[in-house]
Amino acid sequence: MPTPSKLNKDPHNHYFDLGAARQVPETHAWEGLHEHPVVDGGVGAGEDAVPVVDMQDPHAAEAVARASEQWGAFLLQGHGVPRELLARVEAGIAGMFALPKTDKMRAARQGGDPYGYGLPHIALYFSKTMWSEGYSLSPTNLRPELRKIWPDAGHDYSQFCGVMEEFHKEMRALADKLMELFLVALGLTGPQIAGVEAEHKLTETMSETIHLNWYVVQMATLPAATRVSTCLTCTLLHACRYPKCPDPKRALGMKAHTDSGFFALLMQSQVPGLHLFRHGPPADRWVEVPAVPGALVVNIGDLFQILTNGRFRSVYHRAVVNRDRERISLAYFLGPAANAKVGPLKEVVGGGRPAYRALTWPEYIIVRKEAFANGGADLEFTKGGTALEMVSINPDDDDGMDDQGDISS
Ligand SMILES: C=C1C[C@]23C[C@H]1CC[C@H]2[C@@]12CCC[C@@](C)(C(=O)O1)[C@H]2[C@@H]3C(=O)O
Ligand SMILES: O=C(O)CCC(=O)C(=O)O
Ligand SMILES: [Fe+2]
């Protein structure tokens with residue numbers, strides 16, 4: 001069994017078989033998971049109901065504006081990505097993660113690489129290990145990347161690549177439409193949007209990254225057949241429904257974070273597990289996003305908060321595991337081109353002042369790393385805002401205007 005420090009230095013190379021574990025070892029036991037209550041964000045549950053945006057609704061832009069200002073996230077419906085395609089993508093991901101560890105390890109992320117199989121990038125910053133497996137991929141490099149897992153390029157390989165390419169095409173088209181909807185939601189006029197696009201080529205140069213998550217059931221204490229869809233204890237005792245099951249108290253699927261790019265489109269299986277952080281009053285809390293068939297979750301990232309001069313907020317979120325049901329999620333991240341300086345759009349700043357200095361995505365990742373380092377590895381991270389604070393412009397400073405954004409540089 002490796003020591004925690006060894007796991008931390010080499011987080012993408014974990015030797016620990018999550019599925020076979022009968023208890024959560026100290027290396028995977030997180031503090032503070034129950035510091036804030038978890039409330040159901042089910043549709044129609046009052047102020048904690050996760051906002052829903054229907055892209056077909058003529059008032060969609062207003063709903064996007066409200067959700068982006070108040071939550072930094074929403075459920076997206078009417079997006080046009082066929083449900084049947086989402087189901088095939090999920091089945092493909094399940095098949096890939098079900099492969100033997102030795103196959104997956106051939107694609108293991110090396111050190112600070114952005115792409116590869118293993119724990120997510122931010123795992124580097126924590127001494128505890130997440131209860132999940134991940135795989136970050138560039139959709140433009142899908143086939144060579146997946147050959148590492150399937151060197152013989154057989155049927156499974158072709159099928160998975162095919163379905164992921166089909167998905168990527170749909171998602172990229174959707175992301176382009178969503179970017180326009182965000183700009184409308186910001187209150188920009190048609191000519192202003194055309195101006196932003198002409199000047200910055202925002203949509204055209206936007207890059208995409210896929211991150212797959214596999215949240216393994218917490219303990220292999222139940223026979224495999226009963227682990228698939230329901231908790232045996234719950235069924236027999238009629239006592240509880242997830243998330244009240246007895247055990248998943250110490251493990252964590254994905255440590256709380258804000259995504260760093262512009263926005264992410266998240267596909268989740270029909271098992272809840274995504275929690276969005278909401279500030280009080282009345283109280284700070286985690287809102288559990290319901291699994292709505294066919295809906296995608298949209299999360300706003302830190303660079304979009306910068307681009308919109310703080311009007312749209314990035315959302316602090318995490319994913320929990322449960323004892324009985326495996327969960328798969330796929331995050332389709334959109335972000336600026338690597339060399340583009342992102343600062344507040346002048347159309348949004350108007351006569352006001354830019355609240356953030358302009359920087360590239362890689363520069364922002366370095367700032368975030370410093371933010372983690374300054375606060376210690378297991379810092380609660382002030383609900384995700386520390387790195388953004390480090391790039392914000394103090395209103396008392398006089399040098400703000402020099403930093404005004406030039407996204408395409
Ligand atoms: C394009 C991206 C966006 C990354 C880094 C890089 C590749 C993988 C992404 C994620 C995926 C999982 C959460 C996250 C926080 C992580 O650790 O890796 C994401 C991160 C970010 O949003 O910053
Ligand atoms: O699994 C989820 O619902 C969240 C995943 C996530 O936050 C991410 O991949 O960035
Ligand atoms: Fe995320």
Side-chain angles (χ1 to χ4, degrees), residues 43 49-81 169-208 258-267 276 292 294-315 331-337 340-356 358 361 388 404-408:
V43 182
V50 178
V52 179
V53 172
D54 180 351
M55 272 183 110
Q56 304 305 320
D57 182 338
H59 300 291
E62 289 143 55
V64 167
R66 224 175 309 125
S68 305
E69 286 163 3
Q70 295 171 7
W71 284 69
F74 49 89
L75 281 158
L76 187 67
Q77 290 184 314
H79 49 65
V81 182
K169 202 164 154 238
E170 293 273 346
M171 293 296 273
R172 177 62 209 213
L174 170 60
D176 289 0
K177 280 189 214 144
L178 197 55
M179 178 58 103
E180 174 158 20
L181 190 56
F182 274 126
L183 295 176
V184 174
L186 280 169
L188 270 56
T189 61
Q192 280 178 317
I193 292 174
V196 165
E197 289 299 354
E199 189 181 348
H200 304 302
K201 311 253 183 305
L202 208 55
T203 308
E204 190 185 313
T205 61
M206 185 159 78
S207 65
E208 61 287 275
T258 53
D259 300 331
S260 61
F262 281 160
F263 54 89
L265 289 153
L266 198 94
M267 180 195 101
L276 308 177
V292 178
L296 296 167
V297 183
V298 179
N299 283 345
I300 288 177
D302 290 344
L303 287 179
F304 218 49
Q305 179 163 334
I306 294 175
L307 188 77
T308 64
N309 206 33
R311 225 185 109 187
F312 292 173
R313 317 288 304 186
S314 63
V315 63
Y332 191 91
F333 295 101
L334 285 305
K341 289 256 188 212
V342 180
L345 287 171
K346 62 177 183 305
E347 291 78 0
V348 179
V349 174
R353 300 176 62 105
Y356 301 99
W361 198 356
L388 277 172
Q404 187 138 355
D406 103 67
I407 142 106
S408 59

Practice task
Please name the pair of heavy atoms, one in Leu174 and one in Val81, separated by the smallest distance, quoted to 0.1 Å.
Solution key: CD2-CG2, 3.9 Å
Problem - Any donor-acceptor N/O pair, Ser68 side chain to Gly72 backbone, under 3.5 Å - result: no
Exercise for the section: Taking all heavy atoms of Pro344 and all of Ala355, pick out the closest pair and write down the distance. Expected result: CG-N, 4.1 Å
Problem - Pair Glu180, Thr203: side-chain N/O donor-acceptor within cut-off below 3.5 Å - result: no
Practice task
Please report the closest heavy-atom contact between Gly78 and Gln56, naming both atoms and the distance.
Solution key: O-NE2, 2.7 Å
Exercise for the section: Considering non-hydrogen atoms only, spot the tightest contact between Arg172 and Glu204 and give its length. Expected result: NH2-O, 4.2 Å
Problem - Ring-ring centroid check Phe182 Phe262, cutoff 6.0 Å - result: no
Completion exercise
The residue among Glu347, Gln192, Glu197 that forms side-chain contact (heavy atoms from CB on, under 4.5 Å) with Leu183 is Glu197
Problem - Main-chain N/O of Asp54 paired to His79 side chain as donor or acceptor, under 3.5 Å - result: no
Exercise for the section: Decide yes or no for Leu303 and Pro336: does some side-chain heavy atom of the first lie under 4.5 Å from some side-chain heavy atom of the second? Expected result: yes
Practice task
Please report the C-alpha distance between Lys341 and His200 in whole Å, then the side-chain angles of each, then the deciding distance to 0.1 Å, and finally whether the side chain to side chain contact (heavy atoms under 4.5 Å, CB included) criterion is met.
Solution key: CA-CA 10 Å; Lys341 289 256 188 212; His200 304 302; over 6 Å; no
Exercise for the section: For the residue pair Phe304 and Phe263, categorise the inter-ring angle as parallel (less than 30°), tilted (30 to 60°) or perpendicular (more than 60°). Expected result: perpendicular
Problem - Backbone of Asp302 reached by a side-chain donor or acceptor of Gln305 within 3.5 Å - result: no
Practice task
Take Arg311 and Glu69, measure what salt bridge (Lys or Arg N to Asp or Glu O under 4.0 Å) needs, and give me the verdict at the end.
Solution key: CA-CA 6 Å; Arg311 225 185 109 187; Glu69 286 163 3; 2.8 Å; yes
Practice task
From the options Val348, Leu186, Leu202, select the one residue that forms a side-chain contact (heavy atoms from CB on, under 4.5 Å) with Leu307.
Solution key: Leu202
Practice task
Keeping the roles fixed (side chain from Asn309, backbone from Arg353), state whether a donor-acceptor pair exists under 3.5 Å.
Solution key: yes
Practice task
Would you please test Val315 and Thr258 for side chain to side chain contact (heavy atoms under 4.5 Å, CB included) and show each step?
Solution key: CA-CA 6 Å; Val315 63; Thr258 53; over 6 Å; no
Handout entry: Distance (rounded to the nearest 0.5 Å) between Leu265 CG and Tyr332 OH
Key = 8.5 Å
Fill in the blank from the handout: Heavy-atom closest pair (Trp361 atom, Ser207 atom, distance to 0.1 Å) is CZ3-OG, 3.8 Å
Problem - Nearest-0.5 Å distance that lies between atom CD1 in Ile300 and atom CG in Asp259 - result: 11.0 Å
Handout entry: Check: Asp57 side chain, His59 main-chain N or O, donor-acceptor pair, under 3.5 Å
Key = yes
Problem - Close side-chain approach of Leu75 to Leu296, heavy-atom, < 4.5 Å - result: no
Problem - Sub-4.5 Å side-chain heavy-atom contact between Val64 and Phe74 - result: yes
Exercise for the section: Please report the C-alpha distance between Leu276 and Asn299 in whole Å, then the side-chain angles of each, then the deciding distance to 0.1 Å, and finally whether the side chain to side chain contact (heavy atoms under 4.5 Å, CB included) criterion is met. Expected result: CA-CA 9 Å; Leu276 308 177; Asn299 283 345; 4.2 Å; yes
Exercise for the section: Might you point out which heavy atoms bring Ala185 and Ala65 nearest each other, and give the distance in Å? Expected result: O-CB, 3.6 Å
Fill in the blank from the handout: Here the gap from Met171 atom CE to Glu208 atom CD, rounded to the nearest 0.5 Å, amounts to 11.0 Å
Problem - Gln77 and Val52, any side-chain heavy atoms less than 4.5 Å apart - result: yes
Exercise for the section: Measure the shortest side-chain to side-chain distance between Leu188 and Val196 over non-hydrogen atoms and say whether it is less than 4.5 angstrom. Expected result: yes
